[in-house]
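Please read the structure below before turning to the comments.
Reckoned from all heavy atoms, side chains included, excluding hydrogens, waters and symmetry mates. Chain letters run A, B, ... following the sequence lines, proteins first and then strands; every chain starts at 1.
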2 protein chains.
Amino acid sequence: MVMDESVNPRLDRLFSALADSTRRSILMKLTNGDEGVMELAAPFDMSQPAISRHIKVLEAAGLVTRHRQGTHRMCRLAPDALGEIEPWLDIIADRYRSNYNRLDAVLETMKPSQQGDD
Amino acid sequence: MVMDESVNPRLDRLFSALADSTRRSILMKLTNGDEGVMELAAPFDMSQPAISRHIKVLEAAGLVTRHRQGTHRMCRLAPDALGEIEPWLDIIADRYRSNYNRLDAVLETMKPSQQGDD
DNA sequence: CCATTATATAACAATATGGTTATGGATGAA
DNA sequence: TTCATCCATAACCATATTGTTATATAATGG
């Protein structure tokens with residue numbers, strides 16, 4: 001019995017890609033505009049192949065797209081990439097709130113009769 | 001030169017914890033209220049120790065808290081747990097939008113004089 | 001005390017992740 | 001063609017993650 005849509009490989013890849021400081025840094029940098037791999041790699045104390053693989057992970061997660069531009073392979077932040085996360089956050093938040101409301105109602109029911117029980 | 005606050009172990013742990021369907025399922029289940037480990041484990045085709053460790057990961061990420069209740073160790077969704085993600089999403093989204101605005105401006109500037117250069 | 005139930009921990013194996021160096025392929029310039 | 005630059009891939013290693021089974025610990029009840 002699947003209780004929700006939590007079994008979601010796309011979301012797995014998205015969150016997994018975001019779970020690395022280097023990759024989040026790369027994304028932040030890309031908000032300033034497209035950049036090549038070498039420029040992206042520059043600030044990091046890490047080899048170019050390492051950065052290449054981080055970019056590959058971001059690409060696989062749908063967070064980054066690429067296109068050739070001369071000898072450069074430009075990286076671009078995918079427009080609606082992070083948008084997939086928000087619905088999930090909203091679902092959690094909504095369900096959580098509605099549960100708290102129910103809990104409040106229960107507590108309200110109990111209050112007149114007795115209190116002091118923890 | 002650190003260009004942003006992306007080097008953030010807390011965020012690492014948060015995203016990493018969310019990058020697993022089983023753990024997201026557990027979180028969803030907890031929006032219905034507190035539950036013990038056995039109840040949480042029930043829907044999964046997985047051993048109890050496996051679920052115990054998933055819960056431990058969620059706890060370490062600050063997504064879940066626990067308290068004893070008789071022989072049960074009840075799991076509870078941490079109230080503001082996911083709240084830490086939203087600011088980061090907002091920063092990314094804001095920077096991305098402002099960049100797009102700048103890009104639009106540049107394109108607007110280029111349009112009257114010339115186009116066709118890629 | 002002993003048994004039961006709930007949960008954690010230990011020990012282990014398989015696979016994933018993230019880094020390295022070395023090298024290969026693609027593009028543009030001379 | 002030849003060279004330099006940009007980037008990807010291969011091979012490799014160390015560590016982390018995720019599952020397993022077996023066992024230990026904690027609380028509760030007879």
Side-chain angles (χ1 to χ4, degrees), chain A residues 6-27 29-30 33-76 118, chain B residues 6-27 29-30 33-77 117-118:
Chain A
S6 286
V7 178
N8 185 340
R10 267 172 95 88
L11 224 38
D12 285 10
R13 267 178 268 123
L14 245 182
F15 280 124
S16 185
L18 294 174
D20 182 282
S21 291
T22 301
R23 288 194 289 263
R24 288 198 307 277
S25 248
I26 289 174
L27 289 180
K29 214 164 183 225
L30 287 178
D34 303 1
E35 280 196 86
V37 177
M38 288 316 204
E39 288 99 326
L40 287 174
F44 300 102
D45 186 22
M46 205 179 289
S47 65
Q48 168 264 312
I51 300 294
S52 272
R53 287 215 303 193
H54 279 306
I55 293 171
K56 204 171 185 178
V57 170
L58 291 170
E59 203 177 8
L63 288 163
V64 158
T65 63
R66 284 203 274 189
H67 56 104
R68 267 218 174 277
Q69 187 170 307
T71 171
H72 288 63
R73 301 251 310 179
M74 302 306 280
C75 301
R76 171 171 300 178
D118 197 357
Chain B
S6 286
V7 178
N8 185 338
R10 268 172 93 90
L11 223 39
D12 285 11
R13 266 178 270 121
L14 244 182
F15 280 123
S16 185
L18 295 174
D20 182 281
S21 290
T22 301
R23 288 195 290 263
R24 288 198 306 277
S25 248
I26 289 174
L27 289 180
K29 214 164 184 225
L30 287 179
D34 303 2
E35 280 195 86
V37 176
M38 287 317 206
E39 290 98 325
L40 287 173
F44 301 102
D45 187 21
M46 204 178 293
S47 64
Q48 168 264 312
I51 300 294
S52 272
R53 289 215 302 193
H54 278 306
I55 293 171
K56 204 172 186 179
V57 170
L58 291 170
E59 203 177 9
L63 287 164
V64 158
T65 63
R66 284 202 274 188
H67 56 104
R68 267 219 175 277
Q69 188 170 304
T71 170
H72 289 62
R73 303 248 319 193
M74 301 305 279
C75 301
R76 171 172 300 179
L77 206 54
D117 182 14
D118 196 358

N/O-N/O pairs, protein side and nucleotides 24-30 of chain D side, under 3.5 Å:
none

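- Across all their heavy atoms, Cys75(B) and Leu30(B) have their closest contact at O-CD2, 3.5 Å.
- Note on Arg66(A): a side-chain N or O is less than 4.0 Å away from OP1 or OP2 of dA8(D).
- Applying the side-chain contact (heavy atoms from CB on, under 4.5 Å) criterion to Arg68(A), with sequence neighbours excluded, gives Arg73(A).
- The separation between Glu35(B) atom CD and dA6(C) atom P is 13 Å, rounded to whole Å.
- The distance from atom CZ of Arg13(B) to atom P of dT17(C) is 20 Å, rounded to the nearest whole Å.
- Interatomic distance, Leu40(B) CG to Ser25(B) OG, rounded to the nearest 0.5 Å: 10.5 Å.
- Just one of Gln69(B), His72(B), His67(B) meets the side-chain contact (heavy atoms from CB on, under 4.5 Å) condition when paired with Asp34(B); it is His67(B).
- Between Met38(A) atom CE and dT27(C) atom P the separation is 16 Å, expressed in whole Å.
- Between the C1' atom of dT7(C) and the CG atom of Leu40(B) lies a distance of 12 Å, rounded to the nearest Å.
- Nearest approach of Leu18(B) to Phe15(A), heavy atoms of both residues: O-CD1, 3.4 Å.
- In this structure, CD1 of Ile51(B) is placed 16 Å from P of dT9(C), rounded to the nearest angstrom.
- Remark: Arg76(B) CZ to Thr65(B) OG1 distance equals 6.0 Å, nearest 0.5 Å.
- A straight line from CG of Asp12(B) to C1' of dT17(C) spans 13 Å, rounded to a whole angstrom.
- Taking atom CE on Met74(B) and atom P on dT7(C), their separation rounds to 8 Å, with Å as the unit.
- When the P atom of dA8(D) is taken as reference, atom NE2 of His72(A) falls 12 Å away, rounded to whole Å.
- Comparing the start and finish of the helix from dC1(C)-dG30(D) to dG24(C)-dC7(D), five pairs each, the helix axis swings through 30°, to the nearest 10 degrees.
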Side-chain polar contacts of residues 46-55 of chain A - donor-acceptor pairs under 3.5 angstrom, sequence neighbours left out - could you list them?
unit_1, atom_1, unit_2, atom_2, d
Ser47(A), OG, Ala50(A), N, 3.4
Gln48(A), NE2, Ser52(A), OG, 3.1
His54(A), ND1, Arg23(A), NH1, 3.1

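- Residues Asn8(A) and Arg24(B) are in side-chain contact: their nearest non-hydrogen atoms beyond the backbone lie under 4.5 Å apart.
- Residues forming a side-chain contact (heavy atoms from CB on, under 4.5 Å) with Thr71(B) (at least two apart in sequence, or on another chain): none.
- Using a 4.0 Å cut-off, some side-chain N or O of Lys56(B) falls inside it from OP1 or OP2 of dT9(C).
- The salt bridge (charged side-chain N to carboxylate O under 4.0 Å, His left out) search around Glu59(B) returns Arg66(B), not counting sequence neighbours.
- Checking Arg13(B) against Ser16(B) by side-chain atom types alone, no donor-acceptor pair falls below 3.5 Å.
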Protein-nucleic acid N or O pairs under 3.5 Å, nucleotides 16-20 of chain D:
unit_1, atom_1, unit_2, atom_2, d
dT18(D), OP1, Arg23(B), NH2, 3.4
dT18(D), OP2, Arg23(B), NH1, 3.2
dG19(D), OP2, His54(B), NE2, 2.3
dG19(D), N7, Arg53(B), NH2, 2.6
dG19(D), O6, Arg53(B), NH2, 3.1
dT20(D), OP2, Ser47(B), N, 3.1
dT20(D), OP2, Ser47(B), OG, 2.5

